[in-house]
Structure formats: structure tokens, C-alpha cells
K.L.:
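This is the structure I have questions about; it appears just below.
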Protein chains: 2
Amino acid sequence: MGRLNRRALLTRLQHLGVASRADLAKSLGMSQPTAGKIAEELLELGVLEEIDGAEPASASPRRRVKLGRPGRLLRLNRTVPRFVALQLGVSETCISTLCLGVSFSDNWQHRFKTPDSAELWTHRLQAIASRLPPASYWGVLVSVPGIVDDLAGRVLFSPNLHWTEKVDVCRLVQEVWAAPVVLVQEERALALGYQHLHPQARDFLLVDFGEGVGASLVVSGQLYDNLLPICGELGHVPVLGNERPCGCGARGCLETLVSTRGLLQSFAAAHGGLAPTWEIMIEKLAIRGVEPWLATTLDATSVVIAGALNVLGVRTVVVTGSLSDLPTAVMDHLSSAIRKGSIYARFGQIDIETAPRHRTAGLVAAGIDRLVVPMSNRDPAARGVPPSPARDRHPDHSRAKLSVPTNS
Amino acid sequence: MGRLNRRALLTRLQHLGVASRADLAKSLGMSQPTAGKIAEELLELGVLEEIDGAEPASASPRRRVKLGRPGRLLRLNRTVPRFVALQLGVSETCISTLCLGVSFSDNWQHRFKTPDSAELWTHRLQAIASRLPPASYWGVLVSVPGIVDDLAGRVLFSPNLHWTEKVDVCRLVQEVWAAPVVLVQEERALALGYQHLHPQARDFLLVDFGEGVGASLVVSGQLYDNLLPICGELGHVPVLGNERPCGCGARGCLETLVSTRGLLQSFAAAHGGLAPTWEIMIEKLAIRGVEPWLATTLDATSVVIAGALNVLGVRTVVVTGSLSDLPTAVMDHLSSAIRKGSIYARFGQIDIETAPRHRTAGLVAAGIDRLVVPMSNRDPAARGVPPSPARDRHPDHSRAKLSVPTNS
DNA sequence: CACAATACTTAATAAAGTTACGAAAGGGGA
DNA sequence: TCCCCTTTCGTAACTTTATTAAGTATTGTG
């Protein structure tokens with residue numbers, strides 16, 4: 001069937017959680033036969049599964065007595081783990097096997113401190129792989145910080161984890177698991193994860209604060225993408241007057257102020273002491289409130305975020321990561337500063353909220369997107385997944401097949 | 001035929017200028033019959049015209065002697081004016097009638113000083129309309145500054161032309177010309193115009209400096225769009241430390257520094273005199289170079305632009321408007337500052353260029369887009385099942401086959 | 001004037017979607 | 001229990017759109 005409709009159906013089912021063929025058809029506005037055929041195909045492939053368990057009454061409390069033939073409920077397969085998820089964090093690497101129908105909160109099965117070299121890292125992976133159930137996976141999903149060329153599968157630039165730039169991460173992983181590898185920029189995974197849990201959020205900017213600072217954008221329910229493998233790099237916008245050196249090679253990046261390390265450094269500088277731990281800083285801030293150094297930092301952050309909102313035309317900001325650990329006064333200050341700088345706030349409302357990170361959900365969404373129902377078969381290694389006829393995506397204006405249907 | 005292919009063909013022809021059916025088919029990667037049928041249809045509607053004049057030899061100098069049957073060349077209709085173009089500027093209103101195949105540079109047939117009220121404005125329009133050839137136009141294309149809800153056809157917010165917010169500009173225009181009205185945000189028109197003249201530019205951020213400051217983004221050859229009627233509002237990003245009041249109601253907007261008025265004001269402040277004219281300031285700057293106040297302003301501007309580049313993942317900046325009037329040292333300073341703040345410059349190249357404004361070309365592009373080959377997917381429930389779109393249950397797609405107001 | 005090369009058209013075919021209709025699977029009332 | 005109602009789901013026939021293949025038209029070249 002058409003890739004587009006197949007994608008749409010799968011995405012919708014991902015959001016609905018559980019639905020019958022008829023539900024899907026209605027909610028997508030496509031005909032029942034079409035939805036039925038797609039569902040059939042995906043069942044065949046093991047992407048979906050049919051559940052006949054009595055529908056929990058609580059799931060549809062307001063629904064009156066159901067007339068007619070009850071639908072056969074479908075959901076994304078939750079019985080067979082299809083993916084290996086890998087979070088390559090600056091300080092920690094986490095691993096888990098995941099089904100397509102992912103559980104909601106992150107729950108890593110294995111984790112270890114990220115070493116400084118590719119060899120050691122692969123070694124640790126190997127050890128863990130041997131302890132995983134021997135299965136043939138559809139793919140390995142890797143969340144990485146920094147700038148990723150996700151088509152080519154290369155880390156181009158990673159200010160906080162430089163060794164990943166020099167090696168072919170995909171190949172390293174494939175030495176451990178012989179399966180297609182999908183690299184996903186950390187913040188993109190987070191945005192997809194947030195979207196998975198909040199299907200009604202169709203336009204938002206997700207900003208993540210942690211060891212680095214990055215953002216990711218969803219417009220009209222679609223992750224903003226670009227041919228250039230760079231996107232949402234809020235952390236490396238310069239702040240006038242700031243001269244701290246950044247891992248990216250420049251001076252004055254926002255990240256040097258609002259990353260966890262940057263905040264600790266500022267705190268220490270303001271109080272003439274050594275850098276405290278994160279917990280101690282939180283404690284002290286809870287007492288002292290938003291001190292001038294912090295206010296300055298937050299204002300700089302807000303300007304960058306407001307700038308992004310003004311340029312992008314988005315009115316919802318989702319903040320994840322370390323900033324939500326801090327006393328509420330901090331987020332309050334930031335929020336009001338963002339509103340002050342955002343032009344939409346002059347005649348509309350800006351929503352700013354904090355949310356936990358949902359990396360695994362995002363990784364699975366990315367994996368489904370790239371491996372299960374790819375728009376274009378840009379992954380030559382794809383095996384055991386739906387056969388999708390060849391078609392180039394952006395063949396540089398030469399032999400683009402813009403026609404939507406057909407081909408086989 | 002499919003809207004998508006029809007759009008693609010028209011856009012391509014717009015870029016190529018003149019092409020045969022076979023050229024179009026080849027360049028779009030679609031089959032000749034398809035291209036032929038679409039071309040036929042568009043000829044019928046009067047969108048295209050066939051030219052049989054001898055092809056200028058200079059057009060394809062390197063091309064060796066052409067064998068075979070020569071193609072029948074097509075281009076966008078240039079004989080019948082189909083649109084009225086209207087530039088509602090802060091200080092001046094310009095008017096012209098335009099064909100689909102637009103001439104390249106702006107060439108307004110009528111112009112008058114924009115009055116302070118809707119009544120006076122309509123009155124002037126009426127006077128001009130009576131002097132235009134009586135024809136039935138396909139639409140009136142209006143370039144407006146400020147924030148425009150182009151679907152609803154309302155000006156939501158116009159810091160430098162407040163009276164347009166309170167009136168229904170579309171209705172005003174329709175009282176003069178009984179035709180569909182398309183409102184286009186000024187910078188969007190400029191971006192479309194630039195794209196028309198540089199078809200190879202597929203990703204860029206166009207920043208326009210004038211009485212206001214705004215930007216517009218093209219990604220993958222597509223004007224960035226958003227459900228929120230706001231986009232590219234670079235001018236209203238706050239600059240820390242700046243306290244000048246802005247027409248938008250806030251303080252410290254970038255626009256208060258780099259608009260023509262802002263620059264003049266800063267110049268006057270730096271030299272303790274009255275505000276000079278634009279020409280005098282240029283003259284003096286040519287002698288004195290980039291003075292500290294100007295450097296500060298440019299740095300602030302560069303940070304905002306670099307921020308946009310980092311977030312959007314774009315590596316090309318097109319600057320139009322007043323800033324290119326200033327001595328070259330000014331653009332040089334700005335360019336190098338943008339590069340310094342842009343993360344892509346760490347491992348790639350940032351292109352920054354200045355360009356003249358091409359408003360009419362952009363307006364026509366927008367008009368074609370909205371009136372001649374509409375997507376008709378412009379409904380709030382745009383859920384994206386485009387291929388062979390499942391007709392919505394709510395049959396509000398009455399204008400599905402609208403195409404072009406049939407006359408002739 | 002045949003022949004090669006290119007442009008365009010027509011006809012048959014394929015893919016993906018649609019509507020239409022009928023069988024399956026319950027619930028509720030006689 | 002039987003019958004009717006409602007809804008789900010599958011199959012068949014039709015529609016739209018684009019493709020491939022084959023045929024016709026129009027030029028330059030030997």
C-alpha cells in the first residue's frame with residue numbers, strides 16, 4: 001500500500017495505543033478497506049498484534065453500551081523485542097531492548113559509564129550484548145549528543161563527546177549487533193518521545209538542558225528536518241559579553257552558561273568558592289532565590305529561546321532536563337522572560353512547560369519511522385522489514401519521482 | 001491531474017522560464033504523457049502559453065546542433081495580466097498589474113504615499129483602479145508588513161502600520177476589485193521572489209532591513225510555513241541592554257536598533273546631534289567606518305541571525321534592504337560576526353550575500369500558489385494523508401476543483 | 001530521399017484508493 | 001430462542017492517476 005498511508009496509520013496507532021481497524025479508518029479519514037488492508041499487511045510483518053483481551057472498562061468510561069460487532073483491537077507489537085536502544089550519553093551509556101509498542105517511561109536494562117575511547121566502549125557493548133537474549137533485531141537505535149548526519153549515519157560534531165566524531169559509530173555498533181543502525185540526535189529523540197506521550201501537541205519547541213543544551217522542533221506534528229545535518233543548536237548561540245570557552249571551539253556560547261557545568265561554575269564564581277555539587281547548589285538556590293548571576297544567565301537563555309519562537313512561529317516550549325531540578329522560581333523567571341521577548345505573547349498566549357525525558361519512546365518512534373515504514377529506502381541494510389520499492393528522495397532535481405502513487 | 005504534480009510542473013516552469021513538455025518531464029522525472037496532459041490542462045486554463053518564436057540562440061550557446069523534432073516551448077502566460085499586485089508599504093503604496101510570467105525586476109505602475117487611515121487608502125486605490133484596464137483579474141496580491149494570518153486574510157499585528165490591524169484589508173481591497181485577495185507577508189514575498197531568480201537556492205534565510213526588520217525561511221525549496229500566523233520575526237527579538245521602545249509594545253527589540261530609524265537615532269546619539277538623513281549618515285559612515293555604536297548594533301544583529309541559523313540548520317543568508325546601502329565595511333562586519341556565532345561555520349561554510357528586493361516576482365509566485373494551483377489542504381484539520389486524499393467526511397472541500405475563476 | 005533523433009500523442013496497464021455490498025458478531029426485545 | 005438492529009470487517013467492482021509501450025510528427029544529415 002502507499003507508504004504515506006501506511007505511515008499515517010502506524011503513527012496514529014502509536015498515538016491511540018489501541019484501536020480497531022474501523023477506529024483507524026475513521027480517525028484517519030480513509031476508507032475501511034484501505035485501513036484494513038494496511039493493518040493486515042502490518043500484522044503479517046509482525047509490526048502489529050491483535051489483542052482479544054476484554055477491553056478494560058475504564059479505558060472508555062463515557063462510552064455508552066456498545067452496539068454492533070465489536071472491533072478486533074490492534075496495537076503495536078509488544079511481545080517481541082525488535083530494537084536495541086542505546087543511549088550514548090556524555091557521562092553514561094544505557095542499553096535496553098525494546099518492542100515496537102514501547103512502555104512509556106525510560107527503563108534501561110543495562111548501563112555503564114561512557115569511556116573515553118571507541119575501543120573500550122565497543123568492548124563494554126559486546127559484554128552486554130552477550131547477556132541479551134539472542135534474537136535478530138530489526139535495528140539498533142542510538143541516541144547521541146551533538147550534530148548527527150542521520151542519513152549518512154555519522155557524528156559530525158560533538159562538543160562534549162569528541163571521540164565520537166572520529167569513528168564510525170554505526171560500524172562500531174554493527175560489530176556488536178549485525179543490524180541496521182539508526183543514529184538519532186538526542187534532542188530529536190526527546191521531541192519524538194514527548195510527542196508520543198502528548199499526541200495533541202502538534203507544534204512545539206523542546207529545549208533540553210543537561211551537560212549540553214539543545215533543542216528540537218515539531219511543526220504540524222512533524223519533526224522539523226532539513227538537508228543540513230544541523231538543527232536546534234540553541235546551546236551554541238553566542239551570548240554577548242560572555243567569554244567562556246566552549247567545547248565547540250568558540251567562546252561565549254549559551255551552553256557555557258546554562259549547562260550543568262556552566263551553572264556550577266557561575267555559582268562558584270559568584271560565591272568565591274569551589275564548584276559545589278549539583279545537589280548542594282540546588283539547596284542553596286532554594287534559600288537564596290534567583291541571584292543576579294542566575295538572572296543574567298536566564299535572561300540570556302530566554303532571549304535565545306524567544307528568538308527561536310519568533311523565527312519559527314511556535315507558541316509552545318517544552319523544557320526537559322536539569323533546569324526543572326532547580327527551584328520553581330528559576331523556571332518562573334525563565335518563563336516570564338521568554339514571554340517578554342516573544343512577539344506572539346503580545347496578542348496570544350505562550351505555553352511553557354517542563355516535562356520528563358522520554359528517550360526510549362522517541363527512539364522507537366524514530367526506529368519505526370526509519371526502518372519499519374521508511375519514506376525512502378535510504379537504509380540499504382534494511383533487512384527483514386517491509387520491502388519498499390526503490391525511490392530517491394531528493395535526487396538533486398534530476399530523476400525525482402514526484403508522483404505519489406504507483407511504482408512497485 | 002494530481003495537484004502535486006501540477007504544482008511541481010508549474011513551479012519548475014517558473015524556474016526554467018521556458019521549456020518544452022519533454023524538458024519538463026525529464027527535469028521532473030515524470031513521464032512524458034503526464035507532463036503533456038498537465039501542460040495541456042494549464043494551457044486550456046490560460047496559465048501557460050505556447051511560444052513558437054525562434055529560440056534565441058544565446059539561450060543555449062553550448063548546446064550543439066539540435067537534432068530531432070524541436071519542442072514546442074511553453075512558458076507562463078505573459079500576454080494577459082491576471083493579477084493586481086499591491087505593496088502596502090509603511091510609507092508608500094505601490095500598484096501594478098502583473099502577468100503570470102512576471103518580468104524580473106519590480107516595476108510599479110502606480111504609487112502613492114500610504115495614508116493614515118483605511119478610508120483614505122481605499123479612496124486612493126479606487127482612483128487608480130479606475131485608470132487600470134477593465135479586466136477580470138484572477139486575484140489581488142497584497143504585500144503587507146507585520147504579522148499576517150494569510151489563511152484568514154487578516155493582519156494581526158503590524159507594529160509600523162497599526163491601522164491595518166483594525167480593518168479587514170481583504171474586504172477593503174475587494175470593494176475596489178471584486179476578486180480573491182491574497183495577503184502575503186512582506187518578507188515571504190521577498191523570499192519567494194529571491195527564489196524565483198535563484199532557483200538553485202533551496203535553503204536560505206532571507207533577512208530584510210528597512211523600516212522594520214523581518215526574515216523568511218526557505219527549506220528544501222519550500223517556504224517554511226506554520227499553522228501559527230507568525231514567522232521570521234527577527235526584528236522583535238529582544239537585545240539585552242537595549243531599552244528603546246518598539247512599535248510592538250515591548251522594549252529593546254532588535255528592530256529599534258537596526259531599522260533605518262534606529263540606525264539614524266543611534267548615529268545622532270553618538271554624535272550628539274540631530275538625526276541626519278539616511279544619505280548624510282551613509283556619507284559620514286563611509287568616512288568613519290564602523291564606529292563602536294554601529295559595531296554593537298551589528299553584533300546584536302549577528303547574534304540573532306546566527307541563532308536563527310543554528311536553530312534552523314541553514315547555511316545561507318540573503319540580506320535585502322537598507323543595510324546593503326551602507327558602506328561595504330558594514331556588511332563585512334556583520335558577515336564575520338554571523339560566522340563567528342554560527343556553529344555550522346565550525347565545520348562548514350556559511351554563505352552571506354546581499355540581494356535586491358524582488359517583490360512582484362514573489363507576489364506572483366504566492367498568487368500562483370494560492371489561486372492557480374491550490375493545495376486545497378489548507379484546512380485546519382490538515383492531517384497529511386495527501387496521496388490520493390481521502391475525502392473528508394465534512395464536505396467543506398467544495399472548492400476542490402476550483403482551479404481558476406473561469407473566464408474567457 | 002531515406003535515416004536518425006527528438007517531441008509529442010494515443011492506448012493499454014498497473015497501483016492505490018474508493019464505494020457498494022454482504023457475511024460475521026454481538027445486544028436487546030418479543 | 002428467534003429476530004432485528006448496529007457495527008465491524010472482508011471482497012468485488014469502479015475511479016483516479018501515472019506508467020510503459022507503441023505510433024506519429026518534425027526536424028537535420030548523408
Side-chain angles (χ1 to χ4, degrees), chain A residues 1-9 18-44 48 50-52 54-55 60 63-74 373 386-391 399-408, chain B residues 1-9 18-43 48 50-52 54-55 60 63-74 376 385-393 395 397 400-401:
Chain A
M1 304 299 288
R3 277 180 287 289
L4 261 146
N5 276 350
R6 199 163 48 180
R7 274 176 96 77
L9 186 137
V18 171
S20 72
R21 293 159 176 76
D23 291 340
L24 289 167
K26 210 180 306 171
S27 109
L28 287 167
M30 63 173 75
S31 70
Q32 278 196 2
T34 306
K37 268 182 265 183
I38 294 174
E40 211 54 48
E41 196 184 324
L42 293 175
L43 273 167
E44 195 70 26
L48 306 187
E50 212 160 73
I51 52 172
D52 33 25
E55 190 179 0
S60 51
R63 196 162 171 182
R64 63 188 166 285
V65 275
K66 266 193 73 177
L67 297 185
R69 171 177 170 178
R72 284 146 62 198
L73 298 180
L74 302 169
V373 281
S388 52
R391 174 173 306 179
R399 49 202 187 95
K401 305 226 172 184
L402 280 143
S403 35
V404 178
T406 61
N407 216 330
S408 94
Chain B
M1 304 300 288
R3 281 184 297 284
L4 255 143
N5 277 349
R6 199 163 47 180
R7 273 176 98 77
L9 185 137
V18 171
S20 71
R21 293 161 175 75
D23 291 340
L24 288 167
K26 208 182 307 170
S27 114
L28 288 167
M30 62 174 75
S31 70
Q32 279 196 355
T34 307
K37 265 182 268 181
I38 294 173
E40 211 55 49
E41 194 185 328
L42 293 175
L43 274 167
L48 306 188
E50 214 161 71
I51 51 172
D52 33 24
E55 190 180 0
S60 51
R63 196 162 171 182
R64 63 184 169 287
V65 276
K66 266 192 71 178
L67 295 187
R69 170 177 171 178
R72 283 145 63 197
L73 298 180
L74 302 169
S376 82
V385 191
S388 173
R391 268 170 273 178
D392 270 312
R393 308 296 148 168
H397 285 279
K401 183 59 184 171

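In what follows, chains are A, B, ... by sequence order, proteins preceding strands, each numbered from 1.
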K.L.:
To the closest 0.5 Å, what do you measure between CG (B:Leu48) and CD (B:Glu40)?
P.N.:
9.5 Å
K.L.:
Please tell me which of the listed nucleotides, D:dT19, D:dT8, C:dT19, lies nearest to the side chain of A:Pro33?
P.N.:
C:dT19
K.L.:
Just the rounded figure in Å: distance from C1' of D:dT27 to CG of B:Leu73.
P.N.:
14 Å
K.L.:
Within this structure, what is the CD1-to-P distance between B:Ile38 and D:dT19, rounded to whole angstrom?
P.N.:
9 Å
K.L.:
Stepwise, does the side-chain contact (heavy atoms from CB on, under 4.5 Å) test hold for A:Asp23 with A:Leu74?
P.N.:
CA-CA 10 Å; A:Asp23 291 340; A:Leu74 302 169; over 6 Å; no
K.L.:
On the nucleotide D:dT16, are OP1 or OP2 found under 4.0 Å from the side-chain N or O atoms that B:Arg3 carries?
P.N.:
no
K.L.:
Under 3.5 Å, is there a donor-acceptor pair between the side chain of A:Arg7 and the main chain of A:Val373?
P.N.:
yes
K.L.:
So which nucleotide from D:dA21, C:dC8, D:dT26 ends up closest to the side chain of B:Ala22?
P.N.:
C:dC8
K.L.:
How many angstroms lie between atom NZ of A:Lys26 and atom CD of A:Gln32, to the nearest 0.5 angstrom?
P.N.:
8.0 Å
K.L.:
Between D:dC9, C:dC8, C:dA7, which nucleotide has the shortest distance from any of its atoms to the side chain of B:Lys26?
P.N.:
C:dA7
K.L.:
Roughly how far apart are A:Leu9 CG and A:Glu41 CD, rounded to 0.5 Å?
P.N.:
10.0 Å
K.L.:
Which part of the nucleic acid does B:Ser20 contact within heavy-atom distance under 4.0 Å: base, sugar-phosphate only, or nothing?
P.N.:
sugar-phosphate
K.L.:
Would you mind reading off the distance between B:Glu40 atom CD and C:dT10 atom C1', rounded to a whole angstrom?
P.N.:
13 Å
K.L.:
Using a cut-off of less than 4.0 Å, is there contact between a side-chain N or O of A:Arg69 and OP1 or OP2 of C:dG27?
P.N.:
no
K.L.:
Rounded to whole angstrom units, what separation is found between the CG atom of B:Leu67 and the P atom of C:dT6?
P.N.:
6 Å
K.L.:
Does D:dT17 have OP1 or OP2 under 4.0 Å away from a side-chain N or O of B:Asn5?
P.N.:
no
K.L.:
Out of C:dT18, C:dT9, D:dC9, which has the shortest distance to the side chain of A:Arg21?
P.N.:
D:dC9
K.L.:
How many Å lie between CD on A:Gln32 and C1' on C:dT18, as a whole number?
P.N.:
13 Å
K.L.:
How many Å lie between CZ on A:Arg6 and C1' on C:dG17, as a whole number?
P.N.:
15 Å
K.L.:
Would you say a side-chain N or O of B:Thr34 is under 4.0 Å from OP1 or OP2 of D:dT19?
P.N.:
yes
K.L.:
Which one, C:dA7, C:dC8, C:dT19, comes nearest to the side chain of B:Asp23?
P.N.:
C:dA7
K.L.:
A:Leu48 CG to D:dC9 P: how many Å, rounded?
P.N.:
13 Å
K.L.:
Tell me: NZ of B:Lys37 to C1' of C:dT10, nearest whole Å?
P.N.:
10 Å
